> 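The structure follows.
Protein chains get the first letters and strands the later ones, always in sequence-line order, with residue 1 at the start of each. What you see is a predicted model; the values in this text were computed from it and never measured.
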Protein chains: 2
Amino acid sequence: MKKTYSEENYLKAIYHLGKTDNKVSPKAIADALENNPASVIDMLKKLQDKDLITYDKVQGAILSPAGEASALDIIRKHRLWEVFLVEKLQYGWDEVHDIAEQLEHIHDEQLAKKLDDFLGNPSVDPHGDPIPAQNGKMPVYANKRLSEAEENQLCKVGSVRDTSTPFLKYLKQLKVGLGSKIKVIEKMEFDQSMIISIDDGEPKTVSSKMTDNILVILD
Amino acid sequence: MKKTYSEENYLKAIYHLGKTDNKVSPKAIADALENNPASVIDMLKKLQDKDLITYDKVQGAILSPAGEASALDIIRKHRLWEVFLVEKLQYGWDEVHDIAEQLEHIHDEQLAKKLDDFLGNPSVDPHGDPIPAQNGKMPVYANKRLSEAEENQLCKVGSVRDTSTPFLKYLKQLKVGLGSKIKVIEKMEFDQSMIISIDDGEPKTVSSKMTDNILVILD
DNA sequence: ATATATAATTAGACATAACTAATTTATACG
DNA sequence: CGTATAAATTAGTTATGTCTAATTATATAT
């Protein structure tokens, strides 16, 4: 059953929100898609009619197995295209999101597989996010936030949870990339800011908003 | 000024029909897009309001300069993506049309140029159709093979009919690229090989297999 | 507990781009 | 020349997905 561009975007948003929020509300979806709650309610009804989600006021929106499989398929394509754009077309990792948002909706039976093979079956996208497998399973890779690391912990940057341009630019400025080694020097109880050393460099202070959005692999 | 998916398809259809028919009628467009004439009339009005075409019953639909530039941009993207799908993703030449129909609508300032560079600036798509240049001009119709040029003829390389790596490597070695000036010094009747001068350089002998695959514009 | 703010929902409207059915115009043929 | 046929056009409808404004429900604060 083929889905529209718009339906795919809703499924993707619900999937992502479901990872962080314990309840996916119309308002949250509206914020994510930059539209309004009335439009969201309409679409939730349609998605429920198609058995792609269940929705009620108390539980919020929950993907059905079919809905989750769809969402993962779209995320898979999105991330594969991001790899293509960065590795093959020389885009910066902060430039590819909007293009991948369009490319993820290209429909073809063989395309994802062929693209995957062409790219050498990458396991993560340029932001370090894991690429779902063909079977529709999301591999777990880096799942610990830097903000959760203890003092003196040594770790490696696995992925970023925010792919916005301002955030990625900030990382670039700090010279933090995938694989960068980070040592937690001190955690400030007061505001959860952290003093860290990046690749054995000068200690730098970063906010909790920043450390919340970096996923690391502990050493 | 951004165009919708649908507008782009109309502009493309009008461009193609304009090449073969002396008058582009609503019926012809409807047949091409597999929809009906009433829908076409509606859209022609919209395109005329946007100054992308002129339309009247007598003349039919005619692309404005802006409309033609748009059409060529879409065709350029379509054909570049076809090259990508065949050369990089190993699709068959007969499988790529429908996917390219989707990919041609991806919007990004830099994408066509980056894709073009990545593919080695091919001049024809997998079906041998010329790829419009980035300046929005369909390359001056280069439909004469170098092998057909007369002795002493001066000409310019317009496109290549073979995009295989060995052929392109050979061209690179000879320093032949798009726009290269070639003078035919001598044609060997025996095997149709040619002695040519490239950009007023040393005379070189090339095979008929080579000259068959270079399309030129005669001076 | 009640006022206030926030969220969810409904109703109605709108834009896009398609459709069908009816009507007008043009072309072709006997 | 008039009529049959085909094409162009108009009017009205539909589906998708959005919106605003009004209403109802829920949560928060004093």
> Flag this pair as yes if the NZ/CZ of A:Lys88 is under 6.0 angstrom from the six-membered ring centre of B:Phe84 and inside a 45 degree cone about the axis; otherwise no.
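Geometry flag: not set, cation outside 6.0 Å or 45°.
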> List in chain and number order the residues that pass salt bridge (Lys or Arg N to Asp or Glu O under 4.0 Å) with A:Glu8, two or more places apart in sequence or in another chain; answer none if no residue qualifies.
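Salt bridge (Lys or Arg N to Asp or Glu O under 4.0 Å) list for A:Glu8, sorted by chain: empty.
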> For DNA chain C, determine which residues of residues 37-64 of chain A have any heavy atom closer than 4.0 angstrom to one of its atoms, and list them numerically.
A:Pro37, A:Ala38, A:Ile41, A:Lys45, A:Tyr55, A:Lys57
> Under the side chain to side chain donor-acceptor pair (under 3.5 Å) definition, can you give me all pairs with a residue in residues 26-41 of chain B, not counting sequence neighbours?
B:Tyr10-B:Asn35, B:Lys27-B:Asp31, B:Asn36-B:Ser39
> Heavy-atom count around A:Lys23 NZ within 6.0 Å, excluding the residue itself: above 12?
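Counting other residues, nucleotides and ligands, NZ of A:Lys23 exceeds 12 neighbours.
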> Identify each donor-acceptor pair in which a side-chain atom of residues 119-126 of chain A lies under 3.5 Å from a protein atom, sequence neighbours left out, and give them as a table.
| unit_1 | atom_1 | unit_2 | atom_2 | d |
| --- | --- | --- | --- | --- |
| A:Asn121 | ND2 | A:Asp116 | OD2 | 3.1 |
| A:Asn121 | ND2 | A:Asp117 | OD1 | 3.1 |
| A:Asp125 | OD1 | A:His127 | N | 2.6 |
| A:Asp125 | OD1 | A:Gly128 | N | 3.0 |
| A:Asp125 | OD1 | A:Asp129 | N | 3.0 |

> Which side-chain N or O atoms in residues 210-217 of chain A pair as donor and acceptor under 3.5 Å with protein atoms at least two apart or in another chain?
| unit_1 | atom_1 | unit_2 | atom_2 | d |
| --- | --- | --- | --- | --- |
| A:Thr211 | OG1 | A:Ser208 | O | 3.3 |
| A:Asp212 | OD1 | A:Ser147 | OG | 2.6 |
| A:Asn213 | ND2 | A:Lys209 | O | 2.9 |

> Can you name the residues that form a ring-ring contact (aromatic ring centres under 6.0 Å, His included) with A:Phe190, not counting sequence neighbours?
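A:Phe190 satisfies ring-ring contact (aromatic ring centres under 6.0 Å, His included) with no other residue.
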> Suppose the criterion is side chain to side chain donor-acceptor pair (under 3.5 Å): which pairs have a residue in residues 60-72 of chain A, not counting sequence neighbours?
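Residue pairs with at least one partner in residues 60-72 of chain A: A:Lys3-A:Ser70.
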> First contact, last contact: which nucleotides of DNA chain C are these for chain A, 5' to 3', heavy-atom distance under 4.0 Å?
C:dA7 to C:dT10
> Between B:Asp49 and B:Lys45, does the salt bridge (charged side-chain N to carboxylate O under 4.0 Å, His left out) criterion hold? Intermediate values first, please.
CA-CA 6 Å; B:Asp49 287 348; B:Lys45 281 176 191 158; over 6 Å; no
> Excluding sequence neighbours, so at least two apart, what forms ring-ring contact (aromatic ring centres under 6.0 Å, His included) with B:His97?
B:His78
> Would you check if the side chain of B:Glu7 reaches a backbone N or O of B:Thr4 as a donor-acceptor pair within less than 3.5 Å?
yes
> Please enumerate all residues that pass side-chain contact (heavy atoms from CB on, under 4.5 Å) together with B:Gln90, with sequence neighbours excluded.
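B:Gln90: side-chain contact (heavy atoms from CB on, under 4.5 Å) contacts with A:Lys114.
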> Contact list please: residues 4-19 of chain A against DNA chain D, heavy atoms, distance less than 4.0 Å, in numerical order.
A:Thr4, A:Ser6, A:Tyr10
> Among residues 24-36 of chain B, which contact DNA chain D at a heavy-atom distance under 4.0 Å?
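Of all residues in residues 24-36 of chain B, the ones placing a heavy atom under 4.0 Å from DNA chain D are B:Ser25, B:Pro26, B:Lys27.
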